[in-house]
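Sequential numbering from 1 along the given sequence is applied to the chain's residues.
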Amino acid sequence: MFGILKNKFTTFISSLTKKKEDEKEVKEEKQIEKKEEICAVMTETEKISEAQTETKRAEVTETKETKEAKEETGKEKGIKIDLSLISKIKGIFTSNIKLTESDLKPAIEELRMNLIDSDVAYETSGKICEKIFERLKDKEINKNEIDKFVNREIKNALLEILNKNELNMKFMEWAKTKTKPIKLVFFGINGTGKTTTIAKFGKFLLNKNKSVVFAAGDTFRAGAIEQISVHGERLGIKVIKPEKRGTDAAAIIYDTVEYAKAHYIDFVFADTAGRMQTNKDLMNEMKKVVKVMKPDLKVFVADALTGNDAVEQAREFNEAVGIDAVIIAKMDTAKGGCALSIAHTIQKPIIFMGIGQSYEDIREFDAKWFVDEMVG
Ligand SMILES: Nc1nc2c(ncn2[C@@H]2O[C@H](COP(=O)(O)OP(=O)(O)OP(=O)(O)O)[C@@H](O)[C@H]2O)c(=O)[nH]1
Ligand SMILES: [Mg+2]
């Protein structure tokens, strides 16, 4: 998943590593010259040592003074060479590299453009790059660990964006703190995946031995009541629906909440019509639904494929009714940037992701998993 974004981050990491590798090569060439020098001196030392052995052999025939004089010369030379050898060799193996502003600026700029290309909103790309830059600037890193270090800091920067404002809300934990029936309403633009998400999410809860009832609150689009009824039948979930299209959505949703109370059902999921944020009537209908239902969670369903548009829509829905959480559908078909942008823009938790068209294709959003998938 997210192959394209992963490539962009990998390119960024390797461009920095490569730059430092080149510098390292020049440095190492110099170090090789130094090594050669050292070797030459070492050969010299060996010669001295051989000479010392020779001297020892000849010791018996020499006077005491001559012997001491010769040993002193060899020792002095030997000690001097040993010290410089250790510090030079140590330098070759442990030298650190500093990521300077001039190393980072061009690579970060390229990354920013690549993020924008991968559906990360302009503002969000800027923020991510700013965070990465601050984390890397002037850091001294062991030259063999540049890629590991940069990779870790990118992940930390992304996690900072995703984890802000308790964005990592765990749905089941949250549900434990609520009284039954727990009421969720799903909003979004036309075709983003609301009804399919409701069906998958309902199945997710059935698997956890919870009971669910659906409200066919999309009384606007032809075929919408039928669509959610089919899901309900397939899953064995009761659907409260109107006799005909055009009935007041808020009234149907109200009836569903009453049904749930009477039957001790754990969750009420209200489907609603897809609406453009520019459609005044439908935006007002949404406000009425909220007033009547008093949901515990207003969920915005975003279509990952719509990229930057989804961000603007999330912002407008949030302004209209105050979104509590986001589900990103169709993540299987998109680059993933949308999740980062929405989280950054409206600062609300992403709770689930849709990753396909079957009932099982939903998973709880986990920021760490997401970042690992994205950066590698
Ligand atoms: N690949 C993929 N397709 C999805 C996913 N979620 C929904 N879809 C598809 O998206 C299309 C629209 O889904 P719906 O659930 O009808 O969307 P909606 O928001 O209820 O649409 P309206 O009621 O018209 O506003 C359908 O063909 C779904 O199968 C997903 O996670 N991945
Ligand atoms: Mg629908």
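One N or O on the side chain of Thr100 and one on the backbone of Asp103 form a donor-acceptor pair closer than 3.5 Å. No donor-acceptor pair under 3.5 Å is formed between the side chain of Arg363 and the backbone N or O of Asp361. Judged by distance alone, with hydrogens and angles left aside, the side-chain atoms of Arg112 form no donor-acceptor pair with the main-chain N or O of Ser125 at under 3.5 Å. Of the possible polar contacts, none joining the Lys127 side chain to the Ile161 backbone as a donor-acceptor pair under 3.5 Å is found. Of the possible polar contacts, one joining the Gln347 side chain to the His344 backbone as a donor-acceptor pair under 3.5 Å is found.
Distance OG1/Thr247 to NZ/Lys244: 5.0 Å, rounded to 0.5 Å. Note that CZ of Phe370 and CG of Leu159 are 10.5 Å apart. Values are rounded to the nearest 0.5 Å. For the atom pair CD (Glu285) and CG (Asp281), the distance works out to 9.5 Å, reported to the nearest 0.5 Å. Within the model, atoms CD1 of Ile128 and OG of Ser341 stand 7.0 Å from one another, a figure rounded to the nearest 0.5 Å. To the nearest 0.5 Å, atoms CG (Leu115) and SG (Cys129) are separated by 5.0 Å. The distance from the NZ atom of Lys208 to the CZ atom of Phe171 is 10.5 Å, given to the nearest 0.5 Å.
Taking the six-membered ring for Trp and thresholds of 30 and 60 degrees, Phe269 and Phe201 have ring planes inclined between 30 and 60 degrees apart.
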**Criterion side chain to side chain contact (heavy atoms under 4.5 Å, CB included) on Met353 and Thr197, from CA distance to verdict** = CA-CA 9 Å; Met353 313 186 299; Thr197 298; over 6 Å; no
**Message:** As a quick check of understanding, evaluate side chain to side chain contact (heavy atoms under 4.5 Å, CB included) for Ile154 and Ile13, giving each step before the final call.
**Reply:** CA-CA 9 Å; Ile154 291 176; Ile13 295 170; 3.8 Å; yes
**Request:** Before giving the answer on side chain to side chain contact (heavy atoms under 4.5 Å, CB included), spell out for Phe214 and Ile198 the whole-Å C-alpha distance, their side-chain angles and the decisive distance to 0.1 Å.
**Result:** CA-CA 8 Å; Phe214 290 161; Ile198 287 171; 3.5 Å; yes
**Request:** Dump the intermediate steps for side chain to side chain contact (heavy atoms under 4.5 Å, CB included) on Phe317 and Ile189, then the final yes or no.
**Result:** CA-CA 9 Å; Phe317 274 69; Ile189 309 293; 3.6 Å; yes
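Summarising the geometry of Val213 relative to Lys238, their closest heavy-atom pair is CG2-O, 3.4 Å, with the distance given to 0.1 Å. Taking every heavy atom of both residues into account, Ala339 and Met331 meet most closely at CB-CE, 3.6 Å. In plain terms, the two heavy atoms of Phe220 and Ala273 that are nearest each other are CB-CB, 3.7 Å. Ala320 and Met286 get closest at one heavy-atom pair: CB-CE, 4.1 Å. What you find for Phe186 and Thr272 is that their closest heavy atoms are O-OG1, 2.5 Å. Nearest heavy atoms, Val311 versus Thr345: CG1-OG1, 3.1 Å.
Taking the charged nitrogens against the carboxylate oxygens, Glu130 and Arg135 have no contact shorter than 4.0 Å, which rules out a salt bridge. Lys170 has no carboxylate O lying under 4.0 Å from a charged side-chain N of Glu364, or vice versa, which leaves the two without a salt bridge. By the 4.0 Å N-to-carboxylate-O rule, Lys155 lies close enough to Asp372 to be salt-bridged with it. Remark: Asp248 engages Lys288 in a salt bridge, criterion side-chain N to carboxylate O under 4.0 Å.
Residues Phe12 and Asn114 form no side-chain contact, since every pair of their non-hydrogen atoms from C-beta on lies 4.5 Å or further apart. Counting only heavy atoms from C-beta outward, the side chains of Glu316 and Ile346 never approach each other to under 4.5 Å. Looking at heavy atoms from C-beta onward, Glu101 lies out of side-chain contact with Leu104 at the 4.5 angstrom threshold. Here the side chains of Phe365 and Ile351 are not in contact, with every heavy-atom distance at 4.5 Å or above. The shortest distance between side-chain heavy atoms of Ile108 and Ile132 falls below 4.5 Å. Counting heavy atoms from C-beta outward, Ile327 and Ile350 have side chains that stay 4.5 Å or more apart.
The closest side-chain donor-acceptor pair between Lys241 and Ser229 falls under 3.5 angstrom. Between Ser211 and Asp266, the side chains place a donor N or O and an acceptor N or O closer than 3.5 Å (distance only, hydrogens not considered).
A search for ring-ring contact (aromatic ring centres under 6.0 Å, His included) contacts involving Tyr259 returns His263, not counting sequence neighbours. Residues passing the ring-ring contact (aromatic ring centres under 6.0 Å, His included) test with Phe204, sequence neighbours excluded: Phe352. Contacts of Phe149 classified as ring-ring contact (aromatic ring centres under 6.0 Å, His included), with partners at least two apart in sequence or in another chain: none. Remark: Asp147 pairs with no residue by the salt bridge (Lys or Arg N to Asp or Glu O under 4.0 Å) rule, at least two apart or across chains. Annotation: salt bridge (Lys or Arg N to Asp or Glu O under 4.0 Å) contacts of Glu312 (sequence neighbours excluded): Arg315.
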Exercise answer: donor-acceptor pairs, residues 291-304 side-chain atoms, under 3.5 Å, sequence neighbours excluded:
unit_1 : atom_1 : unit_2 : atom_2 : d
Lys294 : NZ     : Lys291 : O      : 3.4
Asp296 : OD2    : Lys183 : N      : 2.7
Lys298 : NZ     : Val321 : O      : 2.9
Lys298 : NZ     : Gly322 : O      : 2.9
Asp303 : OD1    : Leu305 : N      : 2.8
Asp303 : OD2    : Lys330 : NZ     : 3.1

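Hydrophobic clustering of Ile, Leu, Val, Met, Phe, Trp and Tyr side chains at less than 4.5 Å, counting indirect connections, keeps Tyr254 apart from Ile265.
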